[in-house]
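In what follows, chains are A, B, ... by sequence order, proteins preceding strands, each numbered from 1.
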2 protein chains.
Amino acid sequence: MPNKNSDGQDEYDPGFVRKDSLFDGLSEEEKNNFLESGKVLSFRRGQTVFRQGEPLHSFYMICSGIVQLSRVTPNGREVTLDILIEGDMACAKEIFEMRDTHMVTASAVKPTKIMIFPKRWLFETAQKNSVFAINLLAAISRRAQMVELDAEHQATMSAPQLAACFLMHLCNNHGFDPHGFDLPFSKSLIASRLGMELETLSRTFPVLEKYGISIKGKRVVLRDLDAADKHVCDNCSVRESCRARLSLQRKKDDEKPLQSKTHSD
Amino acid sequence: MPNKNSDGQDEYDPGFVRKDSLFDGLSEEEKNNFLESGKVLSFRRGQTVFRQGEPLHSFYMICSGIVQLSRVTPNGREVTLDILIEGDMACAKEIFEMRDTHMVTASAVKPTKIMIFPKRWLFETAQKNSVFAINLLAAISRRAQMVELDAEHQATMSAPQLAACFLMHLCNNHGFDPHGFDLPFSKSLIASRLGMELETLSRTFPVLEKYGISIKGKRVVLRDLDAADKHVCDNCSVRESCRARLSLQRKKDDEKPLQSKTHSD
DNA sequence: CGTCATCTTGAGGAGTGTCAATAACTGTGG
DNA sequence: CCACAGTTATTGACACTCCTCAAGATGACG
């Protein structure tokens, strides 16, 4: 259970600020100054962070946990647009688009801590601090590029390819060991994220064995990244990242044979 | 044929700077100052502006004409990611992502003029001028939102719905008269943009009659926007825009019965 | 050990992709 | 103005992928 301070909000742990963050290139002082504008809230598994159509007040950064971004389309279908993890941000797009309502619904997939900033803060900081503005541009651009690549995948890849690609990315983004890791969320969520039905996803798993990927229950093993690569996207260059991690892992294994980074939860 | 000045580049006509442009909120002086950093080049129908994989040097703004952005996927399939028109920009994403090569290929679909800025210029201007930076953030955010909505459509809509939605957007974006306009580019391009085969697109047209949309050759008539709306996306709120244009058109028709804005070429 | 949620497996059908033949349009040269 | 070739689009037949509905299987947890 998280500690609460006098305001009733959780104390924050700035450790989540990693990756290619908005605070890159800022002094520790500036960074901490910025972080004080936000407050950290905790969400239970299944709890809604914000809902599609509600007024948009804040900018969000995920400190820990997992958040599903979804939309209910006019036809009544639910689509998962993204699955956010530690270090990801939400609603920057909408804020700079000057929208006043949320386009998507965000809900915690597991216990999650989120840092929340007033949207005015984001806007004004981008105006005042050019380093921050450039970081924001980079982050939003990166995200836009990912979405575009995603759309390309949907258009050109089969269900098994999509699944393989997703698993490799997952391994990469979460820092899992390709030799074996457990899915951090349900297969239904994955299927929804990939724009396919759960049944279709299930049926891809036997096929993926051929690509050197095996799934038994929640357990995933990426055995042969080369084989996988033949059937999946080069663009993502996941293989390279995964392989880098693999050899890193091997070195670590040599040094401390007992260490396992699989469950970082 | 465009005039050439002493540098061999075409003279520019800043009239293309419309829409929710990067120069919003800047003084005429600043704006013109900025425009002087760019030069306008002309491209023939079919000519390549830049190619996927080539080094990325510039930021682009379309002055007139139509540009197809496409990618060849690792499987060898070509996907059309976007179709740019007057006022659209290209490569901002890639520049702020710090990429050094082009992700996509751009080619002129018809005779096209493009204003070209050094990528350093874009970067430095965003750093120096906070209004410009915010405009950039807005533009990239808007684009990202569109791509996301597009992906949602691909995932949830049938081929006829996609086609109907595309035609309504087309009418809207190009400022055509819903009562009747000619497609400004080939149906193959549209099919490729919608991630479907030309044959599939062709087969949607008879179906679209039911939705109040008729296509005969290049001629398109959006007869019943309400009927179309029932079968297409609410999100896009194309109907509203089209309807606004419809009543605008009616007023114009009342005033000057002979005017026709269909062929703006 | 039963209950609930999550997942797997099966059978059938709708929607698209593929291949191939035909038709319409576009521009060129006689 | 017409015949011609080249491009672009339509139409048909068939195969394949994925969705839908339905029935089990597995796993988590009290």
Side-chain angles (χ1 to χ4, degrees), chain A residues 45-46 66 68 73 75-80 107 109-111 153-167 182-210 214-220 231 263 265, chain B residues 44-46 66 68 73 75-80 107 109-111 153-167 182-211 214-220 231 263 265:
Chain A
R45 175 190 149 96
I66 295 181
Q68 171 191 27
T73 69
N75 339 339
R77 285 182 53 141
E78 190 192 90
V79 188
T80 297
S107 50
V109 171
K110 51 167 66 178
H153 286 176
Q154 296 281 352
T156 61
M157 306 203 314
S158 67
Q161 287 176 310
L162 287 170
C165 189
F166 180 86
L167 290 174
D182 286 350
L183 292 174
F185 36 71
S186 75
K187 292 180 179 174
S188 330
L189 180 56
I190 298 178
S192 159
R193 175 71 185 81
L194 295 178
M196 65 181 73
E197 297 304 314
L198 175 58
E199 295 93 321
T200 305
L201 180 64
S202 252
R203 280 185 243 273
T204 66
F205 295 149
V207 181
L208 294 189
E209 292 288 345
K210 292 183 214 147
S214 74
I215 296 100
K216 293 254 152 54
K218 282 211 150 340
R219 194 73 186 169
V220 179
H231 301 272
H263 295 85
D265 230 9
Chain B
R44 293 184 308 278
R45 175 190 150 93
I66 295 181
Q68 171 191 27
T73 69
N75 340 339
R77 284 184 53 141
E78 191 193 90
V79 187
T80 296
S107 49
V109 172
K110 50 168 65 178
H153 286 176
Q154 295 281 350
T156 60
M157 307 203 312
S158 67
Q161 287 176 311
L162 287 170
C165 189
F166 181 86
L167 290 174
D182 285 352
L183 292 174
F185 35 73
S186 75
K187 292 180 179 175
S188 330
L189 181 56
I190 297 178
S192 160
R193 175 70 185 78
L194 295 178
M196 65 181 75
E197 298 303 314
L198 174 58
E199 293 94 322
T200 305
L201 180 64
S202 253
R203 281 185 242 273
T204 66
F205 296 149
V207 180
L208 294 189
E209 293 288 345
K210 291 183 215 151
Y211 302 0
S214 74
I215 297 101
K216 293 256 152 54
K218 281 208 146 349
R219 194 72 186 169
V220 179
H231 300 272
H263 294 85
D265 231 6

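Not counting sequence neighbours, the partners of B/Pro184 by the side-chain contact (heavy atoms from CB on, under 4.5 Å) test are B/Ile66, B/Lys110, B/Leu170, B/His174, B/Phe176. Contacts of A/Gln68 classified as side chain to side chain donor-acceptor pair (under 3.5 Å), with partners at least two apart in sequence or in another chain: A/Thr80. Residues passing the side chain to side chain donor-acceptor pair (under 3.5 Å) test with A/Ser214: none are found, sequence neighbours excluded.
Taking both residues in full, the closest heavy atoms of B/Gly217 and B/Lys187 are given as O-NZ, 2.8 Å, listed atom of the first, atom of the second, then distance. For the residue pair B/Leu183 and B/Leu167, the shortest heavy atom distance occurs at CD2-CD2, 3.9 Å. Taking all atoms of both residues into account, the shortest heavy-atom contact from B/Phe185 to B/Lys218 is O-NZ, 3.6 Å. Considering all non-hydrogen atoms of both residues, B/Gly46 and B/Ser107 come closest at O-CB, 4.4 Å.
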Side-chain donor-acceptor distances from residues 196-209 of chain A under 3.5 Å, at least two apart:
| from | atom 1 | to | atom 2 | distance (Å) |
| --- | --- | --- | --- | --- |
| A/Thr204 | OG1 | A/Leu201 | O | 2.5 |
| A/Glu209 | OE1 | A/Arg223 | NH2 | 3.0 |

Taking N or O atoms only and anything under 3.5 Å, show me the protein contacts with nucleotides 25-30 of chain D, one pair per line.
none

I'd like a table of atom pairs between the protein and nucleotides 18-25 of chain C - only N or O on both sides, under 3.5 Å - with the distance next to each one.
| from | atom 1 | to | atom 2 | distance (Å) |
| --- | --- | --- | --- | --- |
| C/dT18 | OP2 | B/Glu197 | OE2 | 3.4 |
| C/dT18 | O4 | B/Arg203 | NH2 | 3.1 |
| C/dC19 | N4 | B/Glu199 | OE2 | 3.1 |

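Remark: P of D/dT11 and CG of B/Leu198 are 12 Å apart, rounded to the nearest angstrom. Distance, B/Met157 CE to C/dT16 P: 11 Å, rounded to whole Å. Distance, B/Leu162 CG to C/dG15 P: 14 Å, rounded to whole Å. Between B/Lys218 atom NZ and D/dT10 atom C1' the separation is 14 Å, expressed in whole Å. As rounded to whole Å, 8 Å separates atom P of C/dT8 from atom CG of A/Leu201. Atom CG of A/Leu194 and atom P of D/dT17 are 18 Å apart (whole Å). Distance, B/Phe185 CZ to C/dT26 C1': 19 Å, rounded to whole Å. Between A/Lys187 atom NZ and C/dT8 atom C1' there is a gap of 9 Å when expressed in whole angstrom units.
Contacts classified as salt bridge (charged side-chain N to carboxylate O under 4.0 Å, His left out) and involving residues 153-165 of chain B (residues at least two apart or in different chains) are not found. Applying the salt bridge (charged side-chain N to carboxylate O under 4.0 Å, His left out) test to pairs two or more places apart or on separate chains, none has a residue in residues 153-167 of chain A.
Note: A/His153 NE2 to B/Thr73 OG1 = 8.5 Å, rounded to the nearest 0.5 Å.
The terminal axes of the helix from C/dC1-D/dG30 to C/dG30-D/dC1, fitted over 5 pairs per end, subtend an angle of 30° to the nearest 10°.
Distance from the side chain of A/Ala159 is smallest for D/dC18 among the nucleotides C/dC7, D/dC18, D/dT10.
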